[in-house]
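Structure, as structure tokens:
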Amino acid sequence: MRGRGGRGLFVFTLALMTATAACADQGGGVREQGAQGAQTAGPASSPVPAALREPPVTLAEAGRALSSVLGAQAVLESATPHLEADRRNLLEQTRDSQEALTMAAFNSTPGPLPHYTWGRPELLVPRVQQAPFWFAAVVDREDSAGERRPAVLVLTKYGGREWYLSSTSLLDPGERIPEIAKDAGGYATELDDDDPTTVISPRLMAPLHATSAEEGSAGFAAGLIEKGPHTTDYAEEIAGKRPKYKSDCLGYDSIFGASNYPVHALRTADGGSMVMYSLIRTTTVTAKIEPCADIRVPPNAERLASATGARKELRTVETQQYVSTVPAKTGKGLARVIGYLGGVTKVSAN
């Protein structure tokens with residue numbers, strides 16, 4: 001008989017009902033009737049203030065969407081026996097970087113994916129935004145071993161009807177999300193890609209992060225992004241590996257780049273931003289001469305490769321999902337990476 005993950009689904013649904021019951025009727029106000037603002041019966045008209053516009057996504061809708069997506073995942077993840085149809089249904093719940101990581105997870109193991117229990121969410125829903133609509137949620141994620149980590153999820157509405165999980169990042173130990181600026185109705189403020197009020201605009205956060213990961217403390221991003229395991233430590237790791245590979249007549253290189261997946265940013269209470277984005281890391285090991293040392297596929301990526309090793313070149317691609325905070329231009333400090341989740345999503349060996 002197939003299990004249905006009842007405990008995890010019940011805990012999450014109950015918590016979400018509690019979190020959203022109070023705001024089920026929020027999101028009202030003056031409805032915008034046109035691109036130029038609400039039209040009145042009188043000769044004069046004025047634009048509707050952004051703070052009074054009815055949001056395209058209400059807190060209540062966001063709560064239902066999150067409950068639906070995570071509830072379906074809880075059931076499918078815990079189904080026994082685990083069927084191919086369950087995997088397809090799980091994959092259909094995802095888009096963007098989350099879809100790439102979910103597909104890789106399926107291809108990496110024949111068994112079921114890990115099962116998680118979700119806590120009570122904090123919904124971060126922009127009042128004013130353009131399609132495709134989205135929102136973020138901060139919610140504790142507990143694995144089967146009892147380890148609990150706060151997760152930042154992004155859900156996106158594609159096709160005007162269906163909600164999908166677009167990204168998941170786990171906050172680093174000891175980290176918390178900054179206070180998000182909210183209006184009287186409980187809605188957040190989305191930042192434009194080129195917002196000029198923060199030290200790093202949302203559009204530039206990913207490429208500058210990639211620069212910090214490749215060039216480390218010597219790069220021009222050093223004065224903008226704080227040192228840490230997701231930035232300068234990568235550069236030190238790469239520099240340390242090159243001599244070892246060279247002694248085996250192998251070339252080693254690892255580069256980072258901004259992905260083509262969506263970037264989302266919310267205004268924080270101190271005037272800065274919280275940015276959610278993805279990077280792509282491509283690592284290449286190349287034989288300088290033949291014959292050379294064996295080029296082995298990493299154990300965590302063997303099921304993604306057509307062979308256990310390569311004769312000329314091995315290339316692995318990682319999809320990395322991040323959450324960072326950026327100070328306001330009038331503030332102090334550097335941008336900081338506070339959350340991450342990623343993994344190998346593609347391997348080629350020849």
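Positions are given from 1 along the sequence.
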Can a donor-acceptor pair be found between the side chains of [X] and [Y] at a distance below 3.5 Å?
X	Y	value
Y277	S324	yes
Q321	T168	no
S254	R281	yes
R296	T308	yes

Check whether any side-chain N or O of [X] sits under 3.5 Å from a backbone N or O of [Y] as a donor-acceptor pair, and report yes or no.
X	Y	answer
T198	S273	no
R149	L171	yes
T189	R127	no
E142	T117	no
Q129	P56	no
Y187	L59	yes
K329	P196	yes
D183	G185	yes
T211	P207	yes

Please say whether more than 12 non-hydrogen atoms of neighbouring residues, nucleotides or ligands are located less than 6.0 Å from [atom1] in [X].
X	atom1	value
R148	CZ	no
K346	NZ	no
N260	CG	no

State whether [X] and [Y] are salt-bridged, where the test is any N-O pair (Lys NZ or Arg NE/NH1/NH2 against Asp/Glu carboxylate O) under 4.0 Å.
X	Y	result
D233	K227	no
R176	E122	no
E92	R88	no
E61	K157	yes

Could you tell me whether the side chain of [Y] reaches within less than 4.5 Å of the side chain of [X], counting heavy atoms only?
X	Y	result
D195	P202	yes
L91	M103	yes
S212	T232	yes
V317	T282	yes
S348	R315	yes
D143	Y116	yes
V347	P298	no
I238	F256	yes

Start with the C-alpha gap between V154 and D96, add the side-chain angles, then the distance that decides, and say whether side chain to side chain contact (heavy atoms under 4.5 Å, CB included) holds. CA-CA 10 Å; V154 174; D96 303 320; over 6 Å; no
I need the minimum non-hydrogen distance between [X] and [Y], along with the two atoms involved.
X	Y	result
S278	A206	O-CB, 4.3 Å
V125	A62	CG2-CB, 3.7 Å
L123	A137	CD2-CB, 4.1 Å
A335	V326	CB-CG2, 4.1 Å
A100	T319	CB-OG1, 4.2 Å
P126	E190	CB-CB, 3.9 Å

Check the pair T231, H209 against side chain to side chain contact (heavy atoms under 4.5 Å, CB included), reporting the backbone distance first and the verdict last. CA-CA 7 Å; T231 54; H209 183 170; 3.8 Å; yes
Do you reckon [X] sits in the same ILVMFWY cluster as [Y], going by side-chain contacts under 4.5 Å, direct or chained?
X	Y	answer
W163	L66	yes
V138	I180	yes
Y340	V344	yes
L224	L334	no
L165	L101	no

Steps toward side chain to side chain contact (heavy atoms under 4.5 Å, CB included) verdict (I295, E313): CA-CA 8 Å; I295 305 177; E313 182 181 89; 5.9 Å; no
Supply the atom-to-atom distance [X] [atom1] to [Y] [atom2], rounded to the nearest 0.5 angstrom.
X	Y	atom1	atom2	result
M274	I338	CE	CD1	6.5 Å
T197	L191	OG1	CG	5.5 Å
K246	K288	NZ	NZ	9.5 Å
F106	L90	CZ	CG	4.5 Å
L341	S97	CG	OG	9.0 Å
T156	W134	OG1	CH2	8.5 Å

Salt bridge (Lys or Arg N to Asp or Glu O under 4.0 Å) for R120 and D140? Distances and angles first, verdict last. CA-CA 7 Å; R120 178 176 178 173; D140 284 346; over 6 Å; no
Can I177 and V323 be said to form a side chain to side chain contact (heavy atoms under 4.5 Å, CB included), step by step? CA-CA 9 Å; I177 69 163; V323 178; 5.5 Å; no
In terms of ring plane angle, is the pair H230 and Y322 parallel, tilted or perpendicular, where the classes change at 30° and 60°?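 H230 and Y322: perpendicular rings.
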